[in-house]
Amino acid sequence: MQPMQLLALLATGESLSGAGLAAQAGVTRAAIWKQIEVLRSRGVPIEARGVAGYRLPWPLQMLDVGQIRAALPAPVAHSLGALEVHWELDSTSSELQRRGNAAKDLSVILAETQSAGRGRRGREWLSPPGMNLYLSCLKRFEPGFAALSGLSLAIGVIVLRALGDLGIDGAGLKWPNDVLAVAGGQPAGKLAGILVELSGEYQGPCAAIIGIGLNLRMTPALHKQAGQPACDLAALTGDSPPDRNRVAAALIAALAGGLRQFEQEGFAGFVADYARYDLLRDRRLQLSGALGTFEGIGAGVDARGALLVRMADGHVRQIDSADVTVRRA
Ligand code: BTN
């Protein structure tokens, strides 16, 4: 028995006894117990309820390539180079990197769990199975890196468009591309992380591997391990996040359309949408980076994706790279 099979049996959210699970799976109770422990060690909060047996605190949907494809508009489904769902990968982005030239444009790979999920700045991206989404998409661009400034910000806009298509609001963007929940008008926990990795030539063919981790259900343990405030779609939807396959399809459809738009218009085509979601605009910011530490007021982003910061003397600085903190007024 594999952990995936056990998770699929528990997916309804109902209690199932060890004996019942063993009978359904055709294995011993000891084998069930072993796989319960494997899933728990991966961060799945399986509850033990005495004689009633084991259960998940909420129902979940296992990722299913057929269901994702069926939820995609036909032209989007046809435009994909590949669409794959894996139980476990080290990292969906690493998998696309390994495929190299063999991977077709607009190839999409999802995994239920990642053993070495990667975040920005070498951080780990915790990836327990069954709860969140881990997706990477390969997009090839003819004109090279030179034309890709602002791509990672555009992906933030694309994620918010996908959430909008699912009827979910209450989220915005913290420059450059952190997707945050908004609580009481203030930026709150991180809802999604985006990692864009480029390879190829500065002025020739190149490829972007776009990795997105979107939180649907965060457990208390995951909140603790995240090392920063985090939020999930469950919190934004009164504890009923949409079906994971629907969320995956919405993300893929938004990526397919948005990446085509980026190819034609560059980031300039996203500036207006970015402004709608910009959580830093008109806020007191503290910035730190190569230029030292200073304060200013968020004044939007320019057509390259640089952060604009109005200084006390009215002068507007363009920031390409910095850590940004919002100062409470
Ligand atoms: C961040 O640190 O904010 C970026 C996190 C990106 C995580 C996603 S999950 C899918 C893809 N695979 C990875 O290993 N990382 C990205």
Side-chain angles (χ1 to χ4, degrees), residues 42-43 63 65 68 80 82-100 103 106-139 151-160 162-163 171-181 187-199 207-218 222-223 225-233 244-245 247-252 254-255 259 277 279-280 305 307 321-325:
R42 295 299 192 83
L63 291 177
V65 77
I68 297 173
L80 299 182
L83 177 59
E84 296 176 15
V85 171
H86 297 256
W87 161 252
E88 177 174 10
L89 289 170
D90 52 351
S91 149
T92 50
S93 292
S94 303
E95 178 63 20
L96 274 174
Q97 265 162 7
R98 283 190 290 269
R99 307 275 172 104
L106 275 188
S107 289
V108 176
I109 294 188
L110 296 106
E112 280 285 4
T113 178
Q114 301 183 114
S115 55
R118 290 187 279 117
R120 285 206 311 257
R121 300 179 188 185
R123 293 199 196 107
E124 184 185 7
W125 189 261
L126 296 167
S127 312
M131 295 186 271
N132 305 319
L133 282 182
Y134 320 111
L135 173 153
S136 295
C137 172
L138 171 95
K139 176 77 190 101
L151 175 62
S152 75
L153 282 76
I155 304 301
V157 170
I158 286 170
V159 171
L160 282 165
L163 296 184
L173 291 169
K174 173 172 177 268
W175 185 88
N177 64 3
D178 273 348
V179 179
L180 302 186
K190 184 154 159 171
L191 203 55
I194 294 165
L195 180 69
V196 178
E197 295 165 305
L198 303 177
S199 61
I209 293 177
I210 297 150
I212 302 172
L214 174 61
N215 299 333
L216 273 76
R217 292 268 188 197
M218 294 282 288
L222 204 50
H223 274 290
Q225 290 168 41
Q228 59 182 321
C231 192
D232 58 18
L233 293 190
R244 291 170 76 226
N245 291 302
V247 180
L251 266 181
I252 294 166
L255 275 168
L259 289 170
Y277 300 124
L279 296 175
L280 301 188
L307 176 66
S321 161
D323 268 334
V324 186
T325 319

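Each ligand, and each atom within it, is numbered from 1 in the order the structure gives.
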Inset, instruction - Could you walk me through whether Leu216 and Met131 pass side-chain contact (heavy atoms from CB on, under 4.5 Å), step by step? - result: CA-CA 6 Å; Leu216 273 76; Met131 295 186 271; 6.0 Å; no
Legend entry - Under 3.5 Å: donor-acceptor pair, side chain of Trp125, backbone of Ile212: no
Legend entry - Residue pair Leu163 / Ala171: nearest heavy atoms and the distance that separates them: CD1-CB, 4.3 Å
At less than 3.5 Å, what protein N or O atoms come close to the N or O atoms of ligand 1? Include the distances to 0.1 Å.
unit_1, atom_1, unit_2, atom_2, d
ligand 1, 2 (O), Arg120, N, 2.7
ligand 1, 3 (O), Lys190, NZ, 2.6
ligand 1, 12 (N), Thr92, OG1, 3.1
ligand 1, 12 (N), Gln114, OE1, 2.9
ligand 1, 14 (O), Ser91, OG, 2.8
ligand 1, 14 (O), Arg118, N, 2.7
ligand 1, 15 (N), Arg118, O, 2.7

Legend entry - Heavy-atom donor-acceptor pair, Tyr134 side chain to Ile109 backbone, under 3.5 Å: no
Inset, instruction - Ignoring hydrogens and angles, tell me if any N or O in the side chain of Arg120 forms a donor-acceptor pair with the backbone of Leu195 under 3.5 Å. - result: no
Inset, instruction - Kindly indicate whether the side chain of Leu280, heavy atoms from C-beta on, has any atom under 4.5 Å from the side chain of Lys174. - result: yes
